[in-house]
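Note that the numbering runs from 1 along the sequence shown for the chain.
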Amino acid sequence: MIWRTGLLVVVAWLLGFIWFSGWLPGPAPMERTDAVTVPTGFAGRIGRGLEVVQSDSADRLLVTGVDPEVTPAEFAAEFEVPDDVMACCVTLGFAATDTRGNAEETTEWALENNFKSLRLVTSDWHMRRAAVELRRELPSDVRLVEDAVRSEPSLWLLFVEYHKWLVSRTVGPLFT
């Protein structure tokens, strides 16, 4: 009986990992949202967030988890953000140090600005966990659009992220 239960757990884990790594989320169409939030991290995220704002598909952009030593001028220069876009539309968030912190910082910003729809831009391999954490924090009346940036994650990165996502989905709610 115990070995059958163990085998069932292993098969469920393996099938879950195959699904998680084989069917990563993809980009979302350019539908209108009030704002965009982008956790810092891998390449392409910030560029996609800026593209959304500059295409008028959102009015504001929060880049959450920015290193406290980065100045707005350095950020603008690094990502070639025009001064007018930086002044009107880009907020740098320095409080978050992890995915849960990104969700908390984003929620605080969204509530302060009374946003009713948000686009979450992050890497395809990170999207599921980032969305779980953000949905846990956001009020239920805020619509969330998941916009994943395509990447080529290593098998190791997928393995680690799968387990973080499992913990977030199962144990994570116990700590909130």
State, yes or no, whether a side-chain contact exists between [X] and [Y] at a heavy-atom distance under 4.5 Å.
{"X": "W156", "Y": "L158", "answer": "no"}
{"X": "V36", "Y": "R60", "answer": "no"}
{"X": "F17", "Y": "L155", "answer": "yes"}
{"X": "V90", "Y": "V53", "answer": "no"}
{"X": "F94", "Y": "T64", "answer": "no"}
{"X": "T37", "Y": "V121", "answer": "no"}
{"X": "L118", "Y": "W109", "answer": "yes"}

Once you measure the plane-to-plane angle for F79 and F75, does it fall in the parallel (<30°), tilted (30-60°) or perpendicular (>60°) bin? tilted
Once salt bridge (charged side-chain N to carboxylate O under 4.0 Å, His left out) is applied, what residue pairs with a partner in residues 104-114 remain, sequence neighbours excluded?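 For residues 104-114, and leaving out neighbouring residues, there are no salt bridge (charged side-chain N to carboxylate O under 4.0 Å, His left out) pairs at all.
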Shortest non-hydrogen contact from P153 toward D124: CD-OD1, 4.5 Å
P25 to A148 - nearest heavy-atom pair and separation: O-CB, 3.5 Å
Which residue, F20, F42, W165, forms the ring pair (Phe, Tyr, Trp, His ring centres under 6.0 Å) with W125? F42
Rounded distance [0.5 Å steps], [atom1] in [X] versus [atom2] in [Y]:
{"X": "R169", "Y": "R136", "atom1": "CZ", "atom2": "CZ", "value": "9.0 Å"}
{"X": "L157", "Y": "S151", "atom1": "CG", "atom2": "OG", "value": "7.5 Å"}
{"X": "H163", "Y": "S168", "atom1": "NE2", "atom2": "OG", "value": "14.0 Å"}
{"X": "T33", "Y": "F115", "atom1": "OG1", "atom2": "CZ", "value": "9.0 Å"}
{"X": "T106", "Y": "L138", "atom1": "OG1", "atom2": "CG", "value": "7.5 Å"}
{"X": "L62", "Y": "C89", "atom1": "CG", "atom2": "SG", "value": "13.0 Å"}

Does any pair with a residue in residues 38-54 pass side chain to side chain donor-acceptor pair (under 3.5 Å), and if so which ones, sequence neighbours excluded? R45-T122, R45-S123, R48-E51, R48-D147
Determine, using the 4.5 Å side-chain heavy-atom cutoff (strictly less than), whether [X] and [Y] are members of one ILVMFWY cluster.
{"X": "L61", "Y": "V149", "value": "yes"}
{"X": "L134", "Y": "V167", "value": "no"}
{"X": "L166", "Y": "L14", "value": "yes"}
{"X": "V132", "Y": "W23", "value": "yes"}
{"X": "V66", "Y": "L120", "value": "no"}

Do S117 side-chain atoms and D34 backbone N/O form a donor-acceptor pair below 3.5 Å?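 Looks like yes, one N/O pair under 3.5 Å.
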Pairing residues for [X] by the salt bridge (charged side-chain N to carboxylate O under 4.0 Å, His left out) criterion, not counting sequence neighbours:
{"X": "E74", "result": "none"}
{"X": "D59", "result": "R32"}
{"X": "K116", "result": "D141"}

Does this structure show an ion pair linking K164 with E133, if we count only N-O contacts that are shorter than 4.0 Å?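 A salt bridge is absent here (no side-chain N lies under 4.0 Å from a carboxylate O).
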Note: E146-R135 ion pair, threshold 4.0 Å (strictly below):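 Yes, this pair counts.
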Is it true that, when you exclude D83 itself, more than 12 heavy atoms of the residues, nucleotides or ligands shown sit nearer than 6.0 Å to its CG? no
Find out whether the Lys NZ or Arg CZ of R128 is both under 6.0 angstrom from the six-membered ring centre of W19 and within 45° of the ring's axis.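 That pair qualifies as a cation-pi contact.
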Contacts of L111 that satisfy side-chain contact (heavy atoms from CB on, under 4.5 Å) - sequence neighbours left out: T107, P139
